[in-house]
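Below is one structure; the comments refer to it alone.
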Amino acid sequence: MSTHIAAQPGDIAPLVLMPGDPLRARWIAETFLDDARCYSEVRGMYGFTGTWRGRRVSVQGSGMGQPSLAIYVNELFREYDVQSVIRVGSCGAMTERPAVRDLVIASGACTDSSMNRIAFEGLDYAPVADFGLLRAAHDAATARDLDEAVHVGLIYSSDSFYPARPELSARMVDYGVLAVEMEASALYTLAAKHGRRALAICTVSDHLVTGEETTSQEREQTFGAMVEIALEAGLAQS
Ligand code: HPA
């Protein structure tokens, strides 16, 4: 048992898919996993372990924002010997491309968070994806012949869904950032610290340039494709 996850050692698989929303974790377990069992309900941040194509996989909610994700990822790495975490989330597109419903696989994550500023003092650390997972996810996504485009590039993990200074986001766009979400930077940094693998895959749920949004039905459909891509990539690497 760890502080925020009520599982016994061995209850959690080496591969964990991590949506922000704990109800998405339940939906993934119910929709994709066989013999799924809930191992933790602490704070309503559900975690499940089951099998996919005969292989053990867990799904754990992270909550919103890097501080929340970091609690769960620290405990997964330190207490449960988890080897790979794949975030399956949503993001807001910051440039004309990507379009809503497209997939963004984050090769690296910029941030406005103070977490790494404090950890690295005056230095700037560059949090990046595990290359093996990134390549496997891109292979899995392109093999599926999706209606949606697949983009690989930088994302921006912001601490603010409602930023006090939105003009700063434009700076990120000037330097090639595609989309904004709230968790990947801490995930990549913690994986590096613990010598584990991490990847963030996001579907574009809303578009900051065009104002377009996805319907909840569309969201579920593209979210499902992303989950299968994450499962294929994660199990190809473990
Ligand atoms: N901002 C931050 N995180 C997000 C957004 C956004 O616009 N859309 C989906 N996740």
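Please read all numbers here as calculations on a predicted model, not as lab measurements. Just follow the structure's listing: the first ligand is 1, and inside any ligand the first atom is 1. Count residues from 1 along the sequence.
- Note that the NE2 atom of H194 and the CG atom of D81 stand 11.0 Å from one another [nearest 0.5 Å].
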In residues 105-121, what donor-acceptor pairs under 3.5 Å come from side-chain atoms, sequence neighbours left out?
unit_1, atom_1, unit_2, atom_2, d
S107, OG, G153, O, 3.2
T111, OG1, Q66, NE2, 2.9
T111, OG1, S113, N, 2.9
T111, OG1, S157, O, 2.7
D112, OD1, D159, N, 2.8
D112, OD2, Y156, OH, 3.4
D112, OD2, S158, OG, 3.0
S113, OG, M115, N, 3.0
N116, ND2, T189, OG1, 2.9
R117, NH2, D112, O, 3.1
R117, NH2, S113, O, 3.4

Going by atom type alone, with no hydrogens or angles, which donor-acceptor pairs under 3.5 Å involve a side-chain atom of residues 223-230 and a protein atom two or more places apart or on another chain?
unit_1, atom_1, unit_2, atom_2, d
E228, OE1, R144, NH1, 2.9
E228, OE1, R144, NH2, 2.9

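- Within 4.0 Å of ligand 1, protein heavy atoms belong to S90, C91, G92, F161, V180, E181, M182, S205, D206, L208, listed by chain and number.
- In this structure R87 satisfies the salt bridge (charged side-chain N to carboxylate O under 4.0 Å, His left out) test together with E181, E183, sequence neighbours excluded.
- Interatomic distance, E75 CD to I71 CD1, rounded to the nearest 0.5 Å: 7.5 Å.
- Shown here for A137 and I201, the closest heavy-atom pair between the two residues is CB-CD1, 4.1 Å.
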